[in-house]
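Here is the structure we will look at, set down as structure tokens.
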Amino acid sequence: KDPQKKQILVKYSGGNPTNYTLGQMRFQVSDFSLEILNTSRQDGQLYEYSVSKGPEEVVWQIQLKVYESVSAPSIQILSRELANGSCSLTLRCTAERGDDVSYSWSSQGSRIPGICSGNSSFLNLSYPLWNGSVLCVCTATNPVSSRAVAFDPSQCSPE
């Protein structure tokens with residue numbers, strides 16, 4: 001079996017830390033935390049934290065994931081139909097940037113509860129024109145950020 005090679009970031013011995021990654025990591029002696037400076041995608045990897053005392057060693061493994069924040073989403077009208085006094089729309093919400101993005105829809109200012117509810121990038125919306133103003137809000141979320149955009153489909157017109 002081939003030997004394993006590991007990169008040591010910080011070694012703490014005899015009350016003194018030795019930081020092998022100056023400018024990249026900051027080690028806090030007060031609480032033994034390690035701060036990654038200017039985080040990049042390459043920092044998302046498996047880290048190991050080990051404590052040796054006498055003949056014993058305790059090892060923890062930590063998987064770090066690095067996410068790009070979600071950009072402001074935009075809403076696109078994929079289809080629009082006006083018939084029998086009702087408006088039917090198919091909307092798509094997308095954020096250009098962000099990792100592991102999930103989407104949700106909610107409604108504001110509507111007399112019909114849940115008219116804009118959904119948990120995907122797409123929303124099929126149908127409402128009577130007499131309902132007045134309907135405000136659909138799309139929220140794009142990932143583990144590190146959340147951004148929302150509102151859409152007012154109350155005028156079912158081609159503009």
Side-chain angles (χ1 to χ4, degrees), residues 4-10 17 19-28 30-50 59-159:
Q4 287 187 338
K5 186 177 178 182
K6 296 178 186 174
Q7 179 185 358
I8 305 293
L9 304 178
V10 177
N19 188 343
Y20 295 105
T21 57
L22 288 173
Q24 295 174 314
M25 309 265 179
R26 184 181 298 137
F27 178 71
Q28 302 292 338
S30 59
D31 60 1
F32 280 71
S33 63
L34 188 65
E35 178 185 1
I36 301 173
L37 307 173
N38 300 319
T39 309
S40 68
R41 290 191 186 278
Q42 290 77 22
D43 295 319
Q45 61 183 339
L46 184 66
Y47 289 89
E48 202 171 84
Y49 176 71
S50 64
V59 178
W60 293 268
Q61 289 192 334
I62 302 160
Q63 178 66 51
L64 176 67
K65 294 185 178 181
V66 178
Y67 296 93
E68 179 181 25
S69 295
V70 173
S71 63
S74 61
I75 296 175
Q76 178 183 14
I77 300 172
L78 299 180
S79 70
R80 178 191 333 245
E81 186 178 326
L82 179 60
N84 301 324
S86 288
C87 181
S88 295
L89 296 169
T90 300
L91 306 176
R92 182 174 70 184
C93 180
T94 53
E96 284 188 24
R97 291 184 315 280
D99 299 313
D100 293 345
V101 180
S102 61
Y103 298 91
S104 63
W105 291 87
S106 61
S107 56
Q108 291 180 355
S110 171
R111 292 189 299 230
I112 303 174
I115 191 170
C116 300
S117 64
N119 285 317
S120 76
S121 180
F122 297 93
L123 177 69
N124 291 315
L125 173 66
S126 185
Y127 64 96
L129 290 178
W130 53 261
N131 185 49
S133 182
V134 176
L135 196 63
C136 293
V137 178
C138 171
T139 304
T141 307
N142 74 358
V144 296
S145 62
S146 181
R147 303 280 299 269
V149 63
F151 179 78
D152 184 355
S154 62
Q155 295 184 19
C156 197
S157 61
E159 287 89 41

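Throughout, residue positions are numbered sequentially from 1 according to the sequence presented.
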Going from [atom1] on [X] to [atom2] on [Y], what distance comes out if it is rounded to the nearest 0.5 angstrom?
X      : Y      : atom1 : atom2 : answer
Arg80  : Cys87  : CZ    : SG    : 7.0 Å
Asp152 : Gln108 : CG    : CD    : 11.0 Å
Gln61  : Leu46  : CD    : CG    : 4.5 Å
Leu135 : Ile115 : CG    : CD1   : 11.5 Å
Asp99  : Lys65  : CG    : NZ    : 11.0 Å
Ile77  : Leu123 : CD1   : CG    : 11.5 Å

Sub-4.5 Å side-chain heavy-atom contact between [X] and [Y]:
X      : Y      : answer
Tyr49  : Leu34  : no
Leu125 : Trp105 : no
Leu9   : Tyr47  : yes
Leu89  : Phe151 : yes

- CD/Gln76: more than 12 non-hydrogen atoms of other groups inside 6.0 Å: yes

- Query: Quick check: are there more than 12 heavy atoms from other residues, nucleotides or ligands sitting under 6.0 Å from CG of Asp31?
  - Reply: yes

Quick check: closest heavy atoms across [X] and [Y], and the distance to 0.1 Å?
X      : Y      : value
Ser146 : Thr141 : OG-OG1, 3.4 Å
Thr39  : Ile36  : OG1-O, 3.7 Å
Ser71  : Glu96  : OG-N, 3.2 Å
Arg97  : Glu68  : CD-OE2, 3.4 Å
Thr94  : Ser121 : CG2-OG, 4.0 Å

Under the side-chain contact (heavy atoms from CB on, under 4.5 Å) test, which residues partner [X], sequence neighbours left out?
X      : answer
Val149 : Pro73, Ile75, Cys138
Val144 : Tyr67, Ser69, Asn142
Gln42  : Ser40
Leu82  : Leu129, Cys156

Is it true that a side-chain atom of [X] and a backbone atom of [Y] form a donor plus acceptor pair closer than 3.5 Å?
X      : Y      : value
Tyr103 : Ala95  : yes
Ser106 : Ser117 : no
Ser145 : Val70  : yes
Asp43  : Val66  : no

- Task: Return each pair, listed once, that meets ring-ring contact (aromatic ring centres under 6.0 Å, His included) where at least one residue sits in residues 69-94; pairs must be two or more places apart or across chains.
- Result: none

- Message: Among residues at least two apart in sequence or on other chains, which ones pass ring pair (Phe, Tyr, Trp, His ring centres under 6.0 Å) with Phe27?
- Response: Phe32

